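To keep things clear, I will list the structure first and then write my remarks on it.
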Amino acid sequence: MITIFSKYVFQNVLAMVGISVYILADTFFISMYAGADGLAVLNLILPLYGLIYAIGAMIGIGSATGFSIKNARKERTDFHFSQSVLWSLIASVPFMLLGLVFPDKVLSLLGADEGLILLGGQYIQIILLAAPLFMANYTFTAFLRNDYAPKVVK
């Protein structure tokens with residue numbers, strides 16, 4: 001049991017290190033292109049991305065946990081995955097609408113001045129419009145891990 005647990009923990013830690021390396025690389029290239037103002041925009045937007053991540057993770061992991069519990073009890077489980085994807089899409093609609101209609105207002109609400117709004121408007125719009133993809137990703141990841149195949153997700 002400890003071996004299986006350790007395998008899952010180790011692979012999740014590696015995944016988090018991978019995300020950290022991605023953010024570090026993103027930060028490096030943004031700083032090379034846009035300097036300190038680019039980093040300011042990135043730091044304003046990252047908490048919003050964290051919120052998108054948290055909602056997607058709650059939906060995906062919660063649904064996958066419900067699936068595993070019912071699967072162990074030999075109960076009906078065929079609806080968990082589709083409901084998780086559907087709720088991820090529903091939960092992402094407000095973010096997409098904000099990205100389509102008010103990306104500048106969102107940046108302003110996060111504390112950006114006029115210069116930062118001009119610099120980060122497209123970046124926040126892309127992040128907000130991609131919210132369904134970010135959220136659904138956590139559903140796919142959680143269900144793959146519950147399929148006793150954690151190595152499939154890299």
Side-chain angles (χ1 to χ4, degrees), residues 5-68 79-154:
F5 178 75
S6 298
K7 180 173 73 171
Y8 280 94
V9 168
F10 179 71
Q11 290 170 350
N12 280 303
V13 168
L14 282 179
M16 293 306 290
V17 168
I19 290 170
S20 298
V21 169
Y22 162 76
I23 290 173
L24 182 63
D26 193 31
T27 303
F28 173 76
F29 287 112
I30 287 172
S31 71
M32 294 300 291
Y33 173 76
D37 285 347
L39 291 178
V41 169
L42 181 64
N43 284 317
L44 289 174
I45 294 173
L46 276 178
L48 186 60
Y49 174 76
L51 180 63
I52 292 169
Y53 167 82
I55 293 169
M58 284 190 301
I59 293 169
I61 293 170
S63 298
T65 301
F67 168 84
S68 290
F79 60 92
H80 282 280
F81 179 76
S82 57
Q83 278 190 349
S84 183
V85 172
L86 176 66
W87 280 107
S88 293
L89 294 175
I90 290 170
S92 68
V93 168
F95 295 106
M96 291 173 42
L97 290 174
L98 287 172
L100 281 172
V101 182
F102 303 114
D104 295 345
K105 299 266 190 237
V106 173
L107 269 174
S108 179
L109 182 66
L110 292 171
D113 60 16
E114 284 299 318
L116 295 180
I117 290 171
L118 287 174
L119 186 60
Q122 286 182 324
Y123 189 73
I124 196 167
Q125 192 171 33
I126 291 168
I127 294 293
L128 291 172
L129 291 176
L133 301 175
F134 291 131
M135 288 184 179
N137 174 54
Y138 304 115
T139 292
F140 291 111
T141 302
F143 275 87
L144 280 172
R145 287 184 182 138
N146 280 357
D147 194 25
Y148 302 106
K151 290 184 180 179
V152 173
V153 181
K154 292 187 180 181

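Heavy atoms only: backbone and side chains are in, while hydrogens, waters and symmetry mates are out. Quick note: residue numbers are just sequence positions, from 1. Quick caveat, the model's predicted, so the values are computed rather than measured.
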*Can you tell me how far CG of Leu128 sits from CG of Leu48, rounded to the nearest 0.5 angstrom?*
5.0 Å

*Flag side-chain contact, heavy atom, 4.5 Å: Phe67 against Phe81*: no

For residues 26-41, please give each side-chain donor-acceptor pair under 3.5 Å, one per line with the distance, not counting sequence neighbours.
| from | atom 1 | to | atom 2 | distance (Å) |
| --- | --- | --- | --- | --- |
| Asp26 | OD2 | Tyr123 | OH | 2.9 |
| Thr27 | OG1 | Ile23 | O | 2.7 |
| Ser31 | OG | Thr27 | O | 3.3 |
| Ser31 | OG | Phe28 | O | 2.7 |

_Taking CZ in Phe10 as the centre, count heavy atoms belonging to other residues, nucleotides or ligands within less than 6.0 Å. Is the count above 12?_
no

_So which atom in Met135 and which in Ser88 form the shortest heavy-atom distance, rounded to 0.1 Å?_
SD-O, 3.5 Å

*Got a sec, which pairs hit ring pair (Phe, Tyr, Trp, His ring centres under 6.0 Å) with one end in residues 41-62, sequence neighbours left out?*
Tyr49-Phe134, Tyr53-Tyr138

_If I compare all heavy atoms of Pro94 with all of Ala91, which pair ends up nearest, and what's the gap?_
CD-O, 3.3 Å

*Heavy-atom pair of closest approach, residues Pro132 and Leu89*: CB-CD2, 3.7 Å

Cut-off 3.5 Å, no hydrogens considered: what does the side-chain donor-acceptor table look like for residues 58-66, sequence neighbours left out?
| from | atom 1 | to | atom 2 | distance (Å) |
| --- | --- | --- | --- | --- |
| Ser63 | OG | Ile59 | O | 2.8 |
| Ser63 | OG | Ser84 | OG | 3.4 |
| Thr65 | OG1 | Ile61 | O | 2.7 |

_Working to the nearest 0.5 angstrom, can you tell me the gap between Ile52 CD1 and Leu133 CG?_
10.5 Å

_Nearest 0.5 Å, please: how far is CD1 in Ile126 from CD in Gln122?_
6.5 Å

_Quick one: does any side-chain atom of Gln125 pair with a main-chain N or O of Pro103 as donor and acceptor, under 3.5 Å?_
no

*Please name the pair of heavy atoms, one in Gly111 and one in Leu44, separated by the smallest distance, quoted to 0.1 Å.*
C-CD1, 4.2 Å

*First locate atom CG of Leu110, then atom NZ of Lys105, and finally report the distance between them rounded to the nearest 0.5 Å.*
13.5 Å

*Nearest-0.5 Å distance, CD of residue Glu114 to CG of residue Leu116*: 9.5 Å

*Should Ile124 and Asp104 be marked as a side-chain contact (heavy atoms from CB on, under 4.5 Å) after you check the CA-CA gap, both sets of side-chain angles, and the distance that decides it?*
CA-CA 8 Å; Ile124 196 167; Asp104 295 345; 6.0 Å; no

*Which value, rounded to the nearest 0.5 Å, describes the distance between Ile127 atom CD1 and Leu42 atom CG?*
8.5 Å

*Please test Phe95 against Leu51 for side-chain contact (heavy atoms from CB on, under 4.5 Å), starting from the C-alpha separation and ending with a verdict.*
CA-CA 10 Å; Phe95 295 106; Leu51 180 63; 3.9 Å; yes

